[in-house]
Amino acid sequence: MKPRDLPNLISALRIVLVVPVVALLEERQYGAALAVFTLAGLSDALDGFLARRYGWFSRLGGWLDPIADKAMMVSVFVMLGFRDLIPLWLVVAVIGRDLLILAGSVAYYLWIEKVDAAPSWISKLNTLAQILLIMTVLFDRGVARLPGLLLDGLIGVVVVTTVLSGAGYMLTWGARALRVRRSRS
C-alpha cells in the first residue's frame with residue numbers, strides 16, 4: 001500500500017462503519033451510534049483533505065467516497081424512520097430525491113453525453129441539513145433531550161432543501177440536455 005491509497009482505504013472503512021451504526025440503531029444505542037456516525041463524518045473530512053492536499057485522487061476514490069456517503073446516509077435515514085424517530089415520509093422524500101438524481105444521471109449519460117457534475121450549493125446545504133438532523137436526533141435520544149421545536153425546524157429545513165435541490169438538478173440537467181440535443185440537430 002502506498003500513501004496515495006490512504007483516502008481510498010479511509011473511504012472503504014467508512015463503508016464498513018455502516019454496519020455498526022445500523023446495528024447500534026437496531027439496539028437503540030443512540031449515543032454510541034452518534035459516536036460512530038461522527039467518526040465516519042470525520043473520516044470523510046480526512047480522506048477529502050488528504051486527496052485535495054496531496055493530489056491523491058483516483059478513479060476508485062471517485063466511486064468509493066460517494067458510495068460510502070450514500071450508504072451511511074440512506075442506512076441511517078431508513079433506521080431512524082424504522083424507529084419512528086423521523087417521519088417515514090421524510091425518509092421517502094430523501095431517498096426519492098437521491099433515486100431521481102441517480103436515474104437522471106444515468107439517463108443523461110446514456111442518451112446525451114458523459115456526466116461530469118459537481119454538487120450544487122443547495123445540494124451541499126441539503127447534505128449539511130441531513131447530517132445535522134441525524135446528529136440532533138441521535139443526540140436527543142442518546143445523550144440529552146432537545147426541544148421538539150429544534151427537531152421540527154431541522155426536519156423543515158431538510159424537506160425544503162431536498163425539494164429545492166431535487167428540482168434544481170432536474171431543471172439544470174433538463175435544460176442542459178435540451179441544449180445539447182438542439183446543438184446536435
Side-chain angles (χ1 to χ4, degrees), residues 1-83 85-86 90-110 114-121 123-139 141-143 158 161-162 165-166 169:
M1 187 176 104
K2 299 174 187 159
R4 71 174 296 102
D5 297 325
L6 197 53
N8 293 345
L9 183 63
I10 293 169
S11 290
L13 172 65
R14 215 163 60 252
I15 293 170
V16 171
L17 287 177
V18 171
V19 174
V21 169
V22 168
L24 290 165
L25 292 172
E26 176 65 26
E27 296 298 320
R28 293 180 170 87
Q29 298 294 317
Y30 302 118
L34 174 61
V36 178
F37 182 81
T38 302
L39 176 64
L42 293 172
S43 75
D44 186 24
L46 177 61
D47 76 45
F49 168 77
L50 292 172
R52 284 186 303 277
R53 173 73 170 90
Y54 298 106
W56 292 343
F57 296 102
S58 70
R59 185 179 175 113
L60 177 62
W63 284 96
L64 280 178
D65 187 63
I67 288 170
D69 293 344
K70 284 301 167 192
M72 181 64 76
M73 296 299 286
V74 167
S75 298
V76 172
F77 262 87
V78 167
M79 286 303 297
L80 293 180
F82 178 71
R83 289 281 173 226
L85 299 176
I86 60 173
L90 180 61
V91 176
V92 171
V94 167
I95 294 173
R97 171 205 169 261
D98 288 345
L99 290 174
L100 179 73
I101 292 169
L102 178 62
S105 297
V106 169
Y108 191 92
Y109 179 83
L110 292 174
K114 181 181 174 193
V115 176
D116 190 21
S120 66
W121 69 270
S123 180
K124 289 180 182 182
L125 183 60
N126 178 248
T127 300
L128 175 62
Q130 289 179 13
I131 291 168
L132 289 175
L133 176 61
I134 288 169
M135 294 181 82
T136 301
V137 168
L138 294 177
F139 186 91
R141 294 301 172 140
V143 180
V158 169
T161 57
T162 297
S165 65
Y169 279 119

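Values reported hereafter were calculated over all heavy atoms of this structure, with side chains retained and with hydrogens, waters and symmetry mates removed.
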Contacts of Asn8 meeting side chain to side chain donor-acceptor pair (under 3.5 Å) (sequence neighbours excluded), chain-then-number -> Ser58
Minimum heavy-atom separation for Leu64 to Ser11, with atom names?
CB-CB, 3.8 Å
Distance col, row Ile131:CD1 vs Asn126:CG, nearest 0.5 angstrom, shows 10.0 Å
Closest approach of Pro66 and Gly61, non-hydrogen atoms and distance?
CD-O, 4.1 Å
Between atom CG of Leu46 and atom CZ of Arg53, what is the distance when rounded to the nearest 0.5 Å?
13.0 Å
Between CZ of Phe49 and OH of Tyr54, what distance do you get to the nearest 0.5 Å?
5.5 Å
Rounding to 0.5 Å, atoms CG (Leu102) and CD1 (Ile95) come to a distance of 12.5 Å
Distance col, row Thr136:OG1 vs Arg141:CZ, nearest 0.5 angstrom, shows 13.0 Å
Report yes or no: do Ser123 and Arg97 form a side-chain donor-acceptor pair below 3.5 Å?
yes
Between Met79 and Leu85, is any pair of side-chain heavy atoms under 4.5 Å apart?
no
So, does Ser165 use its side chain to make a donor-acceptor pair with the main chain of Thr162 at under 3.5 Å?
yes
Residue Phe57 excluded, over 12 heavy atoms near CZ under 6.0 Å:
yes
Would you indicate whether the side-chain heavy atoms of Leu39 and Ser43 approach each other to under 4.5 Å?
no
Please tell me if the side chains of Val91 and Leu80 come closer than 4.5 Å, counting only heavy atoms from C-beta onward.
no
Main chain of Gly48, side chain of Arg52: is a donor-acceptor contact present, judged purely on distance under 3.5 Å?
yes
Identify every side-chain donor-acceptor pair in residues 14-37 under 3.5 Å, counting partners at least two apart or on other chains, and give the distances.
{"from": "Arg14", "atom 1": "NE", "to": "Asp69", "atom 2": "OD1", "distance (Å)": "3.4"}
{"from": "Arg14", "atom 1": "NH1", "to": "Asp47", "atom 2": "OD2", "distance (Å)": "2.4"}
{"from": "Arg14", "atom 1": "NH2", "to": "Asp44", "atom 2": "OD1", "distance (Å)": "3.2"}
{"from": "Arg14", "atom 1": "NH2", "to": "Asp65", "atom 2": "O", "distance (Å)": "3.2"}
{"from": "Arg14", "atom 1": "NH2", "to": "Asp65", "atom 2": "OD1", "distance (Å)": "2.6"}
{"from": "Arg14", "atom 1": "NH2", "to": "Asp69", "atom 2": "OD1", "distance (Å)": "2.9"}
{"from": "Glu26", "atom 1": "OE2", "to": "Arg83", "atom 2": "NH2", "distance (Å)": "3.3"}

Rounded to the nearest 0.5 Å, how far apart are CD1 of Ile134 and OG1 of Thr38?
10.5 Å
Quick one: closest heavy-atom pair of Thr127 and Met73, and the distance?
O-CE, 4.5 Å
Shortest non-hydrogen contact from Ala40 toward Met72
CB-CE, 3.7 Å
